[in-house]
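To keep things clear, I will list the structure first and then write my remarks on it.
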Amino acid sequence: MIAQLPAVVADFSNDNIWVVLLKGVFIVLFVLTSVIVAIWFERKVVGLMQVRPGPNVHGPFGLLQTTADALKLLIKEDINVRAADRLVYLIAPVIAVFAAFLTLSVVPMAGTVSVFGFETPLQMTDFPVAVLFILAATAVGVYGMVLGGWSSGSTYPLLGSVRSTAQVISYELAMGLSLVSVFVLAGSMSTSEIVEAQRGVWYAAALPLAFILYVISMVAEVNRLPFDLPEAEGELVAGYMTEYSAMKFAWFYLAEYINMLNVSAVATTLFLGGWHAPFPFNMFGETLDSGWWGFLWFLLKVWALMFFFVWVRGTLLRFRYDQFMNLGWKVLIPTALVWLFGVVVVEGTKQFTDIPPATILWVLAGVLLVFVVISFLIPQKQAPPPEPSTEPFDPYAGGFPVPPMPGQELPLSPRKLRAMAAAGATIEPVPPAEQSSEEADRD
């Protein structure tokens, strides 16, 4: 027998094709307007953090600066790279922005609202596995970055696309594991069901570690500082977007800010009570916790998380790539697994036994403490230091430059040798046979 999935809370039985189209147009306009405000908001907040005014010339408070930038991209010359795979090169930014638009279709922005006397949920659709749809749309959006970097026919975009692949694989796992504890507690993967389950206590308070893991993962998912390794202007020029200009570049830029809104909306839905009013406004019953009031609370929560994105960007520096991967695989994923195990044990014990939850928590805390103590007591074997190499190191031996390994030293460049000879220093010149062709050309 096939198990029947639970029904969703939101009632779409009164919706017709025109209501669905109206909701779709509303989501598109909401996203585009929010992106324009988000770019202005980020520039203004970072300007205040760095003690400078930010945009303040075009329009009141500089509000028209973003509009001017959008118009500039619209009328800018569109350049296509001759060495690019033309079809994939053109379709990659479309994939990125199309996938970004999908997420908000299942996010409840409010409860039942009245539009010209018509009662409908302020949500385009919902189904029992809506959160899995969000994760799938996020994963598909990465194809835009990967294909954009691969099809450009250039080295730096290719490196950026490879980094984006590794980044999504690493942090999508941690994000998914942090969300499983929400599914366990709510008993559903429907977004409206999860919001309704948080009418009393938000999951950010009931599952604090899962919320922290999700917040870290969501910053990495949207390639924002300190996790902007796929773009990395200081290393890869602009990463996978290097060879794009005009509106093709604008699609990638738009997708990044839409994804910021998406992950903020998902965090609001799954951890911050969705559109429900925060304390103390929820003490007034349904007066401030229904209708269009829900949309107001939803917006405030989303923009609080958007401020967090900007705050992190203005505070932290970019991670090194090894630090980035270590955080994902050695910290976030093991922590998410341990946390999920604890949540499953507590929920299972509550349902099938009469043991008080406090007792279960104390037992799990004791087991975790014993494990931590044992891990510190086990001696760690340290690798012996590498012995200095006696053979001369040629960084161009493989045809392209490589950094020296521990124990190896780079040979002096011909320019350095000439400078030392002019200064009267005693040096041993490098034999011509040991010079690479690149060094000979530079000499």
Side-chain angles (χ1 to χ4, degrees), residues 27-47 49 54-55 65-66 69-70 73 93 95-107 109 131 134-135 137-142 144-145 160 164 167-168 171-172 174-175 178-179 191 204 211-233 238-241 249-272 274 298-316 318-319:
I27 289 175
V28 172
L29 294 178
F30 170 75
V31 168
L32 295 178
T33 306
S34 298
V35 168
I36 292 174
V37 176
I39 297 173
W40 171 85
F41 177 78
E42 180 173 16
R43 291 171 173 174
K44 206 69 176 177
V45 173
V46 173
M49 289 180 176
Q65 179 63 54
T66 308
D69 293 338
L73 291 173
I95 295 175
V97 76
F98 178 76
F101 272 109
L102 292 177
T103 300
L104 287 180
S105 62
V106 295
V107 172
M109 299 183 184
V131 181
I134 293 174
L135 295 176
T138 304
V140 169
V142 182
M145 293 184 287
S164 67
Q167 184 161 330
V168 169
Y171 286 83
E172 191 88 11
M175 176 182 288
S178 68
L179 297 183
T191 51
F211 178 61
I212 294 172
L213 291 172
Y214 177 84
V215 168
I216 297 174
S217 301
M218 78 177 187
V219 178
E221 279 290 304
V222 296
N223 305 330
R224 296 281 298 181
L225 274 168
F227 303 108
D228 62 335
L229 278 304
E231 300 170 13
E233 290 86 352
Y240 60 90
M241 295 187 292
F249 171 81
W251 289 125
F252 277 124
Y253 198 68
L254 180 65
E256 178 179 326
Y257 279 89
I258 295 177
N259 285 328
M260 287 173 58
L261 288 166
N262 288 342
V263 295
S264 301
V266 172
T268 299
T269 302
L270 301 185
F271 291 100
L272 300 180
F298 177 82
L299 283 180
L300 291 176
K301 295 173 185 178
V302 167
W303 281 99
L305 291 169
M306 292 291 289
F307 172 77
F308 173 78
F309 274 109
V310 180
W311 185 19
V312 170
R313 176 188 175 180
T315 306
L316 301 180
R318 181 184 299 124
F319 284 172

Can L270 and Y214 be said to form a side-chain contact (heavy atoms from CB on, under 4.5 Å), step by step?
CA-CA 10 Å; L270 301 185; Y214 177 84; 5.5 Å; no
Can you run down the salt bridge (Lys or Arg N to Asp or Glu O under 4.0 Å) pairs that involve residues 214-224, sequence neighbours left out, and say none if there aren't any?
E42-R224, R224-E256
Using the side chain to side chain contact (heavy atoms under 4.5 Å, CB included) criterion, which residues pair with F30? Sequence neighbours excluded.
S34, L104, M109, F295, L299
Could you measure the distance from the CZ atom of F298 to the OG1 atom of T269? Nearest 0.5 Å is fine.
5.0 Å
Please name all residues satisfying ring-ring contact (aromatic ring centres under 6.0 Å, His included) with W303, sequence neighbours left out, ordered by chain then number.
F41
Under 30°, 30 to 60°, or over 60°: which ring-plane class applies to F308 and W311, parallel, tilted or perpendicular?
perpendicular
Considering only heavy atoms from C-beta outward, does the side chain of M49 approach that of V45 to under 4.5 Å?
yes
Sequence neighbours left out, what passes side chain to side chain donor-acceptor pair (under 3.5 Å) with T191? Give chain and number order.
Q123, D126
Closest heavy-atom pair, A255 versus A100, reported as atoms and distance to 0.1 Å, is O-CB, 4.2 Å
Do you know which two heavy atoms are closest between L305 and A267, and how far apart they sit?
CD1-CB, 3.6 Å
Closest heavy-atom contact between V312 and P226?
CG1-CD, 3.6 Å
A250: partners by side chain to side chain contact (heavy atoms under 4.5 Å, CB included), with sequence neighbours left out
L73, M247
Looking at every non-hydrogen atom in both residues, tell me the closest pair between M145 and S164 and how far apart they are.
CB-OG, 4.0 Å
Run the ring-ring contact (aromatic ring centres under 6.0 Å, His included) test against F252 and tell me which residues pass, sequence neighbours left out.
Y240, Y244
Closest heavy-atom contact between A204 and L272?
CB-CD2, 3.8 Å
I want to check something: taking the side chain as every heavy atom from C-beta on, are N262 and L102 in contact at a cut-off of under 4.5 Å?
no
Who are the side chain to side chain contact (heavy atoms under 4.5 Å, CB included) partners of L300, not counting sequence neighbours?
L296, W297
Contacts of type ring-ring contact (aromatic ring centres under 6.0 Å, His included), residue F211, not counting sequence neighbours
F271
With rounding to the nearest 0.5 Å, note down the distance linking CD1 in I39 to CG in L254.
8.0 Å
Considering only heavy atoms from C-beta outward, does the side chain of F227 approach that of L316 to under 4.5 Å?
no
Within the side chain of Q167, is there an N or O that forms a donor-acceptor pair under 3.5 Å with the backbone of A220?
yes
Shortest non-hydrogen contact between T33 and L29, atoms and distance:
OG1-O, 2.7 Å
Can you name the residues that form a side chain to side chain contact (heavy atoms under 4.5 Å, CB included) with L135, not counting sequence neighbours?
L132, E172, M175, L179
